[in-house]
There are 2 protein chains.
Amino acid sequence: MPKKKAPPKEATADRIRDAADELFCHVGYDAVSVRDIADRAGVNKALVFYHFTSKADLFERVLERYYEAHRRALASAFEAEGSPRERMHRMIDAYLDFMAENARYAVLVQQQISNPETHPLVEKNLAPLYRWIEHAISEVAPHAGPGGPRQLFVTFSGLVINYFTYAPMLARVWDRDPLGAPMLEERRRHVHWIVDLLLDDIERGAP
Amino acid sequence: MPKKKAPPKEATADRIRDAADELFCHVGYDAVSVRDIADRAGVNKALVFYHFTSKADLFERVLERYYEAHRRALASAFEAEGSPRERMHRMIDAYLDFMAENARYAVLVQQQISNPETHPLVEKNLAPLYRWIEHAISEVAPHAGPGGPRQLFVTFSGLVINYFTYAPMLARVWDRDPLGAPMLEERRRHVHWIVDLLLDDIERGAP
DNA sequence: TAGCAATTTGACCGTTCGGTCAATCCGGGC
DNA sequence: GCCCGGATTGACCGAACGGTCAAATTGCTA
């Protein structure tokens, strides 16, 4: 049996991708050079172009891993059994958990959405995911208008993701770490409180 | 009387700053070169360094104008007469109006918060503004915890700003322009609906 | 041990970056 | 007409960028 040569090969490519992940998330795509990535991964710069065709390609690989994990987390939470409201709460919990574990992802997503150059990637990965979320929300808020799924999608997403994109500044405004367990739990209870209030009012037929 | 030579002088520096404003907001700080800015302003590149000490200084001037306008808009809306709830609604309207008129500002703020290199600027300009907003919210939600001003600040800010940072992607997910008057009005009604629901529940002493 | 392919390296390329500087332009007071 | 100071320009600099390539290294198989 030929021994797998995969382990060392994958280890190197993974180390490069992990280094790129950290750097891209911290200061953005343009502010990171391939030399920075290679240095952090402890390899020669040319090796980056051996394992990845270009800097942009490396960025795509970093993003795809996040997008796929994000999609799986939300889908498995929402597709299980339970009432629509229970599934909505579970999906929001999954979103919060995913963001807490991948705090830098929020920054990457915002950069992606804001930068027109990356819109093809957004259309390919992010837009379908969001169309799916909006469809899931329409199960609990079927009517159109100001209380409908279109606006609720932005609101629910913002309730979660905005907390993490604001985190670096909240750490300066507050005296506590916004990504620590106590504050994350406070945020979670806050979001669920709002979601229940909104769904109650929608069921009442108000908006 | 000596004639003011200010008009042409200010006009040139303003044209450079306006060009920088547009470009920074569209693709971010790093992706814009001083040559791009000079070309768009229709002046020589060296002239940028005559009117501004560096590219970073030019970026600060662009930001300061936004920060100051943002601060004035919110303060004048909140400091007028009325019940705390009325003033809160007015402040949110002012925030929405300001964002609609300066849609690119949302992107700049997110970039500022995410980039550790710019944290001194955030501490100087953005953090005091947000401390002030959080204090204003504490007038309508005095208690701490998951329904307290700390979480409500993130939520109210996110309800507004996230709509504009998401706008480029919403334009792709929806079939309508999210920054057009009809959708902006729908968002406004949506946000006010939520704010009233939350404040009702807080007055009821629920959270 | 020889050989082969995958992996890794250092040196190099053309381009663009932010920033500098001496020279020129230009309008208003003498 | 002349000059003077602010405004403007083109030419230039060193550094860093993404990317390439031939050579060297490594690890497996025969």
Side-chain angles (χ1 to χ4, degrees), chain A residues 1-63 111 115 117-118 120-121, chain B residues 1-63 108 111 115-118 120-121:
Chain A
M1 286 298 149
K3 271 192 179 177
K4 287 284 241 187
K5 56 196 164 193
K9 170 191 167 188
E10 284 185 343
T12 299
D14 278 0
R15 267 166 52 218
I16 293 172
R17 195 197 44 194
D18 289 343
D21 184 333
E22 294 183 33
L23 292 172
F24 283 143
C25 293
H26 270 124
V27 290
Y29 180 81
D30 292 298
V32 172
S33 74
V34 178
R35 285 166 179 84
D36 296 335
I37 297 170
D39 287 349
R40 173 167 285 239
V43 299
N44 189 278
K45 175 174 69 75
L47 198 55
V48 175
F49 293 98
Y50 175 78
H51 287 286
F52 303 90
T53 64
S54 68
K55 183 189 176 187
D57 171 56
L58 174 54
F59 187 49
E60 279 192 44
R61 303 304 173 94
V62 170
L63 284 173
Q111 287 178 3
N115 189 345
E117 287 182 29
T118 64
L121 260 156
Chain B
M1 288 295 151
K3 272 194 178 178
K4 287 283 241 183
K5 55 195 162 189
K9 170 191 167 187
E10 284 184 343
T12 299
D14 278 1
R15 266 166 52 217
I16 294 173
R17 194 197 46 196
D18 289 343
D21 185 333
E22 293 182 34
L23 292 173
F24 282 145
C25 293
H26 271 124
V27 289
Y29 180 81
D30 292 296
V32 172
S33 74
V34 177
R35 286 167 178 83
D36 295 334
I37 297 169
D39 286 349
R40 173 167 284 238
V43 300
N44 187 279
K45 176 174 68 77
L47 198 56
V48 175
F49 294 96
Y50 176 80
H51 288 286
F52 303 90
T53 64
S54 68
K55 183 189 177 187
D57 172 56
L58 174 55
F59 187 49
E60 279 192 43
R61 302 303 173 96
V62 169
L63 284 172
L108 280 188
Q111 287 177 3
N115 189 344
E117 286 181 29
T118 65
L121 259 157

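Chain naming here is simple, since letters A, B, ... match the order of the sequence lines and numbering starts at 1 in each. Note that these values count all heavy atoms, side chains included, but never hydrogens, waters or copies made by symmetry. Remember, predicted model here, so these are calculated numbers, not experimental data.
- Residues meeting the side-chain hydrogen bond (donor to acceptor under 3.5 Å, both in side chains) test with B:Asp39, sequence neighbours left out: none.
- When rounded to the nearest whole Å, the span between CZ of B:Phe59 and C1' of C:dG18 equals 16 Å.
- By the 4.0 Å N-to-carboxylate-O rule, B:Asp18 lies too far from B:Arg15 to be salt-bridged with it.
- Spacing between atom CG of B:Asp14 and atom P of D:dA7 amounts to 13 Å, rounded to whole angstrom units.
- Taking the C1' atoms of five terminal pairs at each end of the helix from C:dT1-D:dA30 to C:dG27-D:dC4, the two resulting helix axes are inclined by 0°, rounded to 10°.
- Less than 4.0 Å separates DNA chain C from no heavy atom of any residue of residues 17-28 of chain A.
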Run the side-chain donor-acceptor check on residues 25-34 of chain A: report pairs under 3.5 Å with partners two or more places apart or on a different chain.
residue : atom : partner : partner atom : Å
A:His26 : ND1  : A:Glu22 : O            : 3.0
A:Tyr29 : OH   : A:Ala56 : N            : 3.2
A:Ser33 : OG   : A:Arg35 : N            : 3.4
A:Ser33 : OG   : A:Asp36 : N            : 3.0
A:Ser33 : OG   : A:Asp36 : OD1          : 3.4
A:Ser33 : OG   : A:Asp36 : OD2          : 3.1

I'd like to compare against my own output: the B/S/- annotation of nucleotides 9-24 of chain D with a strict under-4.0 Å heavy-atom distance to protein.
BB------BBBBB---
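- Residues B:Ile16 and B:Tyr50 fail the side-chain proximity criterion, which asks for heavy atoms closer than 4.5 Å.
- Considering OG1 of B:Thr12 and CZ of B:Arg17, their distance stands at 12.5 Å, rounded to 0.5 Å.
- In this model, the phosphate group of D:dA7 is not approached by any side-chain N or O of B:Thr12 to a distance below 4.0 Å at OP1 or OP2.
- Here C:dG19 presents its P atom at 16 Å from NE2 of B:His51, a figure rounded to the nearest Å.
- Each of B:Leu63, B:Thr53, B:Ile37 was evaluated against B:Leu58; a single residue qualifies, B:Ile37, per the side-chain contact (heavy atoms from CB on, under 4.5 Å) test.
- Residues in residues 41-63 of chain A take part in these salt bridge (Lys or Arg N to Asp or Glu O under 4.0 Å) pairs, two or more places apart or across chains: A:Asp57-A:Arg61.
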Please assess B:Phe59 against B:Leu108 for the test side chain to side chain contact (heavy atoms under 4.5 Å, CB included), listing each intermediate value before the final yes or no.
CA-CA 10 Å; B:Phe59 187 49; B:Leu108 280 188; 3.9 Å; yes
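- For A:Val62 against A:Ala20, the heavy-atom pair with the smallest separation is CG2-CB, 4.1 Å.
- Side-chain contact check for A:Gln111 versus A:Phe24: every heavy-atom pair is 4.5 Å or farther apart.
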